Amino acid sequence: DEKVAAATSVAAATKASRAPPTASTTTVTASSHGHDEEGCLVCHKDDNHAYLLLCEACNDEYHTYCLNPPLETVPEGDFFCDKCKHVHSTKDDDG
């Protein structure tokens, strides 16, 4: 019986080692602002993706309703967070 239990444990461990990575084991890279998690930088939730904006410059994420002032709708075109907005507008002004 001990041999059967040991073989079962080895088989379970081998099967688990071949399992695809889960969200808890997936490595997330940090953005240029030191952001090391996915989701809104204001409320820290990774939900309501229809309202989650991604900054085109730094890849930080914000819900439309978490911005100050909040946006009533998802903007058309590129979105730039407050930290990157001035850099982008300066590049446009320079030509």
Side-chain angles (χ1 to χ4, degrees):
D1 288 335
E2 288 180 27
K3 288 182 181 180
V4 171
T8 303
S9 295
V10 170
T14 302
K15 185 176 179 180
S17 69
R18 286 188 244 161
T22 62
S24 63
T25 61
T26 303
T27 302
V28 178
T29 58
S31 76
S32 60
H33 293 297
H35 173 62
D36 62 355
E37 296 180 12
E38 292 182 2
C40 178
L41 284 184
V42 177
C43 70
H44 307 288
K45 294 181 182 176
D46 188 19
D47 64 357
N48 217 355
H49 293 162
Y51 297 96
L52 197 59
L53 304 174
L54 180 68
C55 176
E56 294 295 325
C58 69
N59 292 327
D60 283 349
E61 299 174 319
Y62 300 89
H63 289 113
T64 56
Y65 47 83
C66 289
L67 295 171
N68 187 13
L71 297 179
E72 292 183 22
T73 60
V74 174
E76 291 186 23
D78 293 340
F79 167 75
F80 294 92
C81 70
D82 287 341
K83 293 178 275 191
C84 298
K85 196 180 300 185
H86 69 282
V87 174
H88 179 69
S89 64
T90 302
K91 286 182 181 177
D92 285 348
D93 293 342
D94 290 341

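Nothing here was measured: the structure is a model prediction, and the numbers come from that model.
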Q. If you round to the nearest 0.5 Å, how far is SG of C81 from CG of L41?
A. 8.0 Å
(Q) Please check if the number of heavy atoms outside F80 that lie under 6.0 Å from its CZ is greater than 12. (A) yes
**Q.** Contacts of F79 that satisfy ring-ring contact (aromatic ring centres under 6.0 Å, His included) - sequence neighbours left out
**A.** none
Q. Quick one: do V42 and V74 end up in the same hydrophobic cluster if we chain Ile, Leu, Val, Met, Phe, Trp and Tyr together by side-chain heavy atoms under 4.5 Å apart?
A. yes
**Q.** Partner set under side chain to side chain contact (heavy atoms under 4.5 Å, CB included) for N68, not counting sequence neighbours
**A.** none
Q | Pairs meeting criterion side-chain hydrogen bond (donor to acceptor under 3.5 Å, both in side chains) with involvement of residues 71-82, two or more places apart | A | D82-K85
Q. Out of curiosity, E61 CD to C66 SG, how far, rounded to the nearest 0.5 Å?
A. 12.0 Å
Q) Who pairs with Y65 by ring-ring contact (aromatic ring centres under 6.0 Å, His included), at least two apart in sequence or on another chain? A) H63
Q) Considering residues at least two apart in sequence or located in another chain, which fulfil the side chain to side chain contact (heavy atoms under 4.5 Å, CB included) criterion with D46? A) E38, H49, L52
Q. Taking only residues two or more places apart in sequence or in another chain, which ones pass side chain to side chain contact (heavy atoms under 4.5 Å, CB included) with L71?
A. L53, T64, L67, P75
Q: Output all residues satisfying salt bridge (charged side-chain N to carboxylate O under 4.0 Å, His left out) with D47, sequence neighbours left out; order by chain, then residue number.
A: none
